**Q** 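For reference, the structure I am asking about is given below.
For clarity, every value in this text was computed on a predicted model and none was experimentally measured.
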Amino acid sequence: CGALLVMLLYNLFLFVIIRDLTYIYYVILVLANISVFASVTGFFFKYLNPHTPEINLFLNEFFISFLTVPTSLFAISFLELDKRNTWAYRALIGMIVVGSFICVSTLFGVTYGFSSFIISIQAPLLLIIGVYERLKGNKVATFYILAWSGYLIGGLAMTLRNQGTL
């Protein structure tokens with residue numbers, strides 16, 4: 001979690017200096033990841049709300065579904081999808097809308113389980129979009145593919161660990 005905080009502060013500093021929205025999307029993405037990790041591993045429960053365990057179930061759903069928003073915004077901005085790829089741009093805007101709806105709905109307890117569904121659709125979609133963009137000649141997509149692949153492998157490892165498989 002400490003490394004993520006360092007990345008958050010570094011990219012926040014870059015945003016202040018450069019004023020490129022991609023950096024602030026990345027900062028929000030890192031903050032969302034920290035929240036997901038803290039929720040899934042039980043740190044939120046242990047340190048912020050130990051007397052109300054039922055809230056932790058909603059926090060898990062809330063943060064996981066919220067993660068769809070900054071990951072989509074970052075991909076749109078970093079890969080310049082609004083200028084380069086209309087179908088990918090629209091697909092990710094759709095992910096933002098659906099993820100936001102699920103995120104808000106979790107506050108009312110009506111979407112339990114849907115956050116995992118939206119993430120399981122979005123994660124491979126983002127990788128496919130990155131590969132497609134690279135094949136079309138978008139050179140920054142190479143870095144995106146490498147980073148997103150590592151992110152997916154790490155997320156899969158964490159999920160398997162939390163399920164007791166690893």
**Q** Any salt bridge (Lys or Arg N to Asp or Glu O under 4.0 Å) pairs touching residues 75-92, not counting sequence neighbours?
**A** Arg84-Glu133
**Q** About how many Å separate CG of Leu21 and CZ of Phe15, when rounded to the nearest 0.5 Å?
**A** 5.5 Å
**Q** Between OG of Ser65 and CG of Asn60, what distance do you get to the nearest 0.5 Å?
**A** 10.5 Å
**Q** Within a strict 4.5 Å, meaning less than it, do heavy atoms of the Leu79 and Asn138 side chains meet?
**A** yes
**Q** Between Trp148 (side chain) and Ala123 (backbone), is there a donor-acceptor pair under 3.5 Å?
**A** yes
**Q** Does Leu81 share a hydrophobic cluster with Ile128, counting links as ILVMFWY side-chain heavy atoms below 4.5 Å and allowing steps through other members?
**A** no
**Q** Compare all side-chain heavy atoms of Tyr26 with those of Met7 and state whether any distance is below 4.5 angstrom.
**A** yes
**Q** Quick check: do Met95 and Ile121 have side-chain heavy atoms less than 4.5 Å from each other?
**A** yes
**Q** Could you tell me which non-hydrogen atom of Ile76 sits nearest to which non-hydrogen atom of Ile96, and how far apart they are?
**A** CD1-CD1, 4.3 Å
**Q** If we only count heavy atoms from C-beta on, is the Ser149 to Leu127 side-chain gap below 4.5 Å?
**A** yes
**Q** Do Tyr47 and Phe63 share a hydrophobic cluster, counting only Ile, Leu, Val, Met, Phe, Trp and Tyr and linking them when any side-chain heavy atoms are less than 4.5 Å apart?
**A** no
**Q** Roughly how far apart are Phe13 CZ and Asn11 CG, rounded to 0.5 Å?
**A** 11.5 Å
